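Accompanying notes for the structure given below.
The model shown is predicted, which means the values in this text are computed figures rather than measured ones. Just so it is clear: chains get the letters A, B, ... in the order the sequence lines come, proteins before strands, and each one is counted from 1.
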Amino acid sequence: MSRIKACFEALKAANKKALIPFVTAGDPNPNVTVPLMHTMVEAGADLLELGVPFSDPMAEGPIIQKACERALAHGTSLRDVLAMVAEFRKTNTTTPVVLMGYMNPVEIMGYQAFATAAAEAGVDGLITVDMPPEEAGDLLAVLKGAEIDPIFLLAPTTIDKRITKICAETSGFVYYVSLKGVTGVANLDVASVEAKIAQIRKHTDMPIGVGFGIRDAETAQRVAAVADAVVVGSAIVNRVAENAESPEKINEAVAALLREMRVAMDTDPPKAGWFARLFGAGH
Amino acid sequence: MSNEIAVPELSAQPDASGHFGVYGGRFVAETLMAPLDELTAAYERLKNDAEFQAELDKDLAHYVGRPSPLYFAERWSKQLGGARIYLKREDLNHTGAHKINNTIGQALLAKHLGKTRIIAETGAGQHGVASATVAARLGLECVVYMGAEDVKRQALNVYRMKLLGAEVVPVTAGSKTLKDALNEAMRDWVTNVDNTFYIIGTVAGPHPYPMLVRDFQAIIGREAKEQVMEAEGRLPDALVACVGGGSNAIGLFHPFIEDKDVAMYGVEGGGDGIDTPRHAAPLCAGRPGVLHGNRTYLVEDDNGQIIETHSVSAGLDYPGVGPEHAWLKDIGRAHYVAVTDDEALQAFHDLTKIEGIMPALESSHALAYVKKLAPTMSKGQIIIVNLSGRGDKDIHTVAGLEGMTV
């Protein structure tokens, strides 16, 4: 069984939701990343999303754009990111690691070379922001061969017909982008997220993760009440940025935020709490 | 050119999903797939709609000032001692360049889609001015993204856009130039997709943009074909145009694409030389990759990061190129060459002094290649070069390079 599948099954059995932090690999320097990955797991992360730095990150708001610039100032390449995952895997063989980035670094490395190296390093999934399933035919074939889950994004503008198509090409979990916009800028509207998740569930049994706009423990808790996984990006990268000049403080700054989110997510939000007390936990 | 190429298919590109061979396509965030589908459907409907075409033709005639002349550069032809050289005078269009052919068309699409807000990216500011112009005329809100470096270099065009009522947003991310302005425009679009129409300025970006921008610019080649037939009674032997994103070049080339005896030359910004790190010539010195919504040739490093480009001409200073050019290069239908900053500047002076026409620095690249090509051809042969824009906007750049302040 894939690490991602095993992870979600274990969470389901424990009646918990997945907390998925995102950091840009190599931000603010390449030595920070692997220890930070271990710290995030200790602080309650279930899966890790590792951003592959790119010079032109079109879907990112200013926070993650600047993270890419800091990482690229040290020349952090896709091969370097794979080496970080391999290093992480020396002491952690269970926490899934998903790479998130843009197509061009993968194109230049070559699909087969990437898939082979990524599988060897211990990568479990790949999210490419600018690669819809329509363009992904060749890549999907090699990812499947390497047992790496392709994870496509669903957006508020995605119509039913495309939800079916995207879910058919996705494995591991489905990633719902909770708002129209770039990462880390706007506030998300939990009610509309809830409605869209209900729509997506008609098309798939896969776990559904929600990302974009989750900035604090309260939002994480409210999203966890309706989704299977909560992806937190800019809020974490912001903590990295605030401590970029004194990297020794980064681990604790990030861990503190994750611990708050973990506690909140493992506690039912007020309304659901009332429901659970009356009718028992489990829903 | 090989005989194995199925010639009738050349003008039938792209395929239904926007591919020119392996190039083009639609590499965007999921949020933009729906509006791109909506735009494709609207364009397919309107391009065969007589009323829409009549509205467009009327604007091109009475607002842009088309047809633009095809001018025989007699003195320059004589001086170069080879082929007869004709200039397609896109510099005489309203706003001074070919860019308005496209913004007029896209603004009409925006109107038909009921969008109230226009966004655009710009490098030198020509496309920004052309977008602000049509937005003013249609009473639409207009926001233009421009690299902070370019805002400094092109103060005159920034002020022109402001006079036209547009908001100019300086982009401070990345290299602070055209590619970063394009990133920022995409970010705006993904955020304001409900009421906003993104007018892309060149034949790049996700499908359907490379196709629809080409179709709007193909008026250049259609007119040139008619005009040269009238003047010379036959087709030209060669077409020459500068290539940044490549919209003026594809506009000239496309109507001739199945006339296989007409050679086509696209001229890239060679900067300090394509054997140096300072150039803007993805077709001559780059390799294929994915950026800004399409697969095409890019100036990039071994890790797939986009490299900052350099050209004396801001309009050519871009690391990518339209996917149709990438395809025409691979199949050998068009040839792509580069000329340096210095060669382009010399051609700028030549045309100004010999013909009394001051070309844009972008167009000067095409002229610099004509200087090399014409003398190798016979006196009975014909070259059409696209004079894509006028040089007024570049006077301060030229003066600065020659140590003067104007």
Side-chain angles (χ1 to χ4, degrees), chain A residues 52-62 65-66 68-69 71-72 75-81 101-110 114 127-136 138 152-159 161-163 165-166 175-177 179-183 185-186 212, chain B residues 16-19 22 24-38 171-175 179-196 205-207 286-296 298-308 319-320:
Chain A
V52 179
F54 183 48
S55 53
D56 295 78
M58 283 185 300
E60 313 301 344
Q65 286 174 43
K66 292 204 173 74
C68 284
E69 288 176 16
L72 288 174
T76 308
S77 68
L78 177 55
R79 286 178 196 279
D80 294 335
V81 177
Y102 293 78
M103 265 320 288
N104 205 45
V106 178
E107 288 264 319
I108 295 306
M109 191 168 171
F114 165 76
I127 303 170
T128 37
V129 179
D130 55 350
M131 177 75 130
E134 284 86 344
E135 300 286 350
D138 297 344
F152 290 102
L153 306 180
L154 293 168
T157 55
T158 309
I159 56 170
K161 209 172 120 191
R162 281 186 62 77
I163 296 178
K165 185 187 177 80
I166 291 169
Y175 188 135
Y176 176 58
V177 174
L179 47 86
K180 293 173 197 160
V182 294
T183 50
V185 175
F212 284 41
Chain B
S17 53
H19 296 94
V22 299
R26 199 182 265 178
F27 294 86
V28 294
E30 174 60 24
T31 308
L32 294 178
M33 292 301 280
L36 287 168
D37 280 338
E38 179 194 33
V171 178
T172 55
S175 59
K179 78 175 179 72
D180 309 285
L182 220 149
N183 293 335
E184 207 57 33
M186 286 279 192
R187 292 178 188 125
D188 179 311
W189 196 29
V190 87
T191 307
N192 300 296
V193 64
D194 294 331
N195 71 340
T196 296
H207 179 63
R287 55 179 156 169
V290 170
L291 180 71
H292 292 152
N294 61 145
R295 183 180 283 120
T296 188
L298 302 171
V299 181
E300 59 191 323
D301 69 15
D302 291 342
N303 295 315
Q305 307 296 346
I306 308 307
I307 298 173
E308 203 174 326

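With a threshold of 4.5 angstrom between heavy atoms, B:Leu291 approaches chain A through side-chain atoms but not through N, CA, C or O. Only the backbone of B:Asp302 has a heavy atom closer than 4.5 Å to any heavy atom of chain A. Looking at A:Leu154, the atoms closer than 4.5 Å to chain B (heavy atoms on both sides) all sit in the backbone: N, CA, C or O. Neither the backbone nor the side chain of A:Arg79 comes within less than 4.5 Å of any heavy atom in chain B. Residue B:Val28 touches chain A through its backbone alone, counting heavy-atom pairs closer than 4.5 Å. Contacts between A:Pro62 and chain B at a heavy-atom distance below 4.5 Å are absent for every atom of the residue. When heavy atoms are compared at a cutoff of 4.5 Å, B:Leu298 approaches chain A solely by way of its side chain, counted from C-beta outward.
Residues B:Asp194 and A:Lys180 are in side-chain contact: their nearest non-hydrogen atoms beyond the backbone lie under 4.5 Å apart. Taking the side chain as every heavy atom from C-beta outward, B:Met33 and A:Arg162 approach each other to under 4.5 Å.
Smallest separation of non-hydrogen atoms from A:Ile108 and B:Pro288: CD1-O, 3.5 Å. Minimum heavy-atom separation, B:Gly289 to A:Asn104: CA-OD1, 3.1 Å. Pairing each heavy atom of A:Leu153 with each of B:Glu30, the nearest pair is O-CG, 3.3 Å. Nearest heavy atoms, A:Pro53 versus B:Gln305: O-NE2, 3.0 Å. Heavy-atom minimum distance, B:Arg26 versus A:Pro132: O-CG, 3.2 Å. Contact detail for B:Thr191 and A:Val182: the closest heavy-atom pair is OG1-N, 4.0 Å.
We find the OG1-CG distance between A:Thr76 and B:Asn303 to be 10.0 Å, quoted to the nearest 0.5 Å. Rounded to the nearest 0.5 Å, atoms CE (A:Met58) and NZ (B:Lys179) are 11.0 Å apart.
In terms of heavy-atom pairs under 4.5 angstrom with chain B, the leader among A:Gly75, A:Gly61, A:Ser77 is A:Ser77. Counting heavy-atom pairs closer than 4.5 Å to chain A, the top-ranked of the candidates B:Val290, B:Asp180, B:Asn192, B:Leu32 is B:Val290. Between chain B and the options A:Leu179, A:Leu78, A:Leu72, heavy-atom pairs under 4.5 Å are most frequent for A:Leu72.
Distance alone, capped at 3.5 Å, is enough to place a donor-acceptor pair between the A:Ser55 side chain and the B:Ile306 backbone.
Here A:Tyr102 pairs with A:Phe54 under the ring-ring contact (aromatic ring centres under 6.0 Å, His included) rule; sequence neighbours left out. Partners of B:His292 by ring-ring contact (aromatic ring centres under 6.0 Å, His included), not counting sequence neighbours, listed by chain and number: B:Tyr318.
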Check step by step if side-chain contact (heavy atoms from CB on, under 4.5 Å) holds for B:Arg187 and A:Gln65.
CA-CA 12 Å; B:Arg187 292 178 188 125; A:Gln65 286 174 43; 3.1 Å; yes

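Salt bridge annotation for A:Glu107-B:Arg295: present, with a cationic side-chain nitrogen under 4.0 angstrom from a carboxylate oxygen.
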